[in-house]
Amino acid sequence: MATYQTDEEQVEAIKRWWKENGKSVIGGIALGLAVVGGGKGWMEYSRVQAENNSNLYESFSQAARTDNLEAAAQRADQLMADAGKSAYAAFAALEMAKLQYQAGDKEKARQRLQWVVDNAAEPAVKQLAQLRLANLLLDMDKPDEAAALAQSVSQGEFAAEFNALKGDIALAKGDKEAARQAWQKALDEGATDVTGLRMKLTSVGG
């Protein structure tokens with residue numbers, strides 16, 4: 001699926017930021033709660049939970065890297081259940097969706113991506129999940145659902161990728177002019193897949 005080729009640098013940047021800053025963010029939240037509530041116990045609980053989630057995510061990543069799909073799915077499920085609003089859970093669900101898509105289970109991939117859309121606390125992560133979900137819906141021959149999702153999103157930093165997707169949806173519906181306009185807009189906004197978009201534009205006379 002094209003999205004998995006074009007947005008990896010963006011999601012890796014998000015993951016690097018979280019790896020570098022996540023513990024300090026969690027620590028700051030825990031300290032603030034301790035100051036307000038005077039609860040050292042709560043601060044210690046938050047620290048332990050953050051460490052546990054980090055360790056579980058590392059375990060998930062190891063299973064994913066070694067193509068142990070069953071173990072990876074179990075760890076992703078645990079993160080999604082125990083650490084629902086955390087970045088660890090969102091990243092695990094995103095990666096698990098990719099693995100399940102590659103394994104041919106598009107419906108499970110769809111469920112994972114929908115979970116991230118419904119639960120991600122970070123706007124950029126939610127938008128990434130929406131982009132991937134809309135691409136997946138198009139891949140599943142559901143252009144109307146893909147179009148509805150793409151139109152509903154406040155695009156943010158993924159504006160170019162959403163416009164590229166809108167072009168794909170328009171072409172799937174037989175509207176070459178709308179596809180041409182959307183792809184050109186994606187190029188103008190700095191889409192990453194420049195070569196692919198130019199080829200698409202050529203195919204519709206752009």
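Heavy atoms only: backbone and side chains are in, while hydrogens, waters and symmetry mates are out.
Remark: Arg75 pairs with no residue by the salt bridge (Lys or Arg N to Asp or Glu O under 4.0 Å) rule, at least two apart or across chains. Take Asp144 and apply the salt bridge (Lys or Arg N to Asp or Glu O under 4.0 Å) test, not counting sequence neighbours, and it matches Lys173. Remark: Glu177 pairs with Arg180, Gln181 by the side-chain hydrogen bond (donor to acceptor under 3.5 Å, both in side chains) rule, at least two apart or across chains. Asp77 is linked by a salt bridge (Lys or Arg N to Asp or Glu O under 4.0 Å) to Arg112, counting only residues two or more places apart in sequence or in another chain. Remark: Lys176 engages Leu171, Val204 in a side chain to side chain contact (heavy atoms under 4.5 Å, CB included) (not counting sequence neighbours). The side-chain hydrogen bond (donor to acceptor under 3.5 Å, both in side chains) search around Gln62 returns Arg65, not counting sequence neighbours. By the side-chain hydrogen bond (donor to acceptor under 3.5 Å, both in side chains) test, Gln111 pairs with no residue at all, sequence neighbours left out. Residues passing the side chain to side chain contact (heavy atoms under 4.5 Å, CB included) test with Glu145, sequence neighbours excluded: Arg110, Leu137, Lys142. Judged as a side-chain hydrogen bond (donor to acceptor under 3.5 Å, both in side chains), and not counting sequence neighbours, the contacts of Asp188 are Gln184. Considering only residues two or more places apart in sequence or on other chains, Ala121 meets the side chain to side chain contact (heavy atoms under 4.5 Å, CB included) condition with none of them. Checked against salt bridge (Lys or Arg N to Asp or Glu O under 4.0 Å), Lys106 has the following partners two or more places apart in sequence or in another chain: Asp139. Evaluation of the side chain to side chain contact (heavy atoms under 4.5 Å, CB included) rule for Ala164 yields Ala186, Leu197 as partners, not counting sequence neighbours.
Around CD of Glu70, the count of heavy atoms belonging to other residues, nucleotides or ligands within 6.0 Å does not exceed 12.
To the nearest 0.5 Å, atoms CD (Gln78) and CG (Leu56) are separated by 4.5 Å. Note that CZ of Phe60 and CD of Gln74 are 12.0 Å apart. Values are rounded to the nearest 0.5 Å. With values rounded to the nearest 0.5 angstrom, Leu165 atom CG is found 7.0 Å from Phe162 atom CZ. To the nearest 0.5 angstrom, Arg132 atom CZ is 4.5 Å from Leu128 atom CG.
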CA sep, side-chain torsions, deciding dist, call: Val116, Phe91, side-chain contact (heavy atoms from CB on, under 4.5 Å) = CA-CA 9 Å; Val116 180; Phe91 291 146; over 6 Å; no

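Counting heavy atoms from C-beta outward, Gln114 and Val117 have side chains that approach closer than 4.5 Å. A 4.5 Å side-chain heavy-atom check between Trp183 and Asn163 finds every atom pair outside the cut-off. The closest side-chain heavy-atom distance from Tyr101 to Leu136 is below 4.5 Å. Glu189 places none of its side-chain heavy atoms less than 4.5 Å from the side chain of Leu187.
For Asn135 (side chain) and Leu131 (main-chain N/O), a donor-acceptor pair under 3.5 Å exists by modelled atom type.
Linking ILVMFWY side-chain heavy atoms closer than 4.5 Å, directly or via other members, places Met199 and Leu201 in two distinct hydrophobic clusters.
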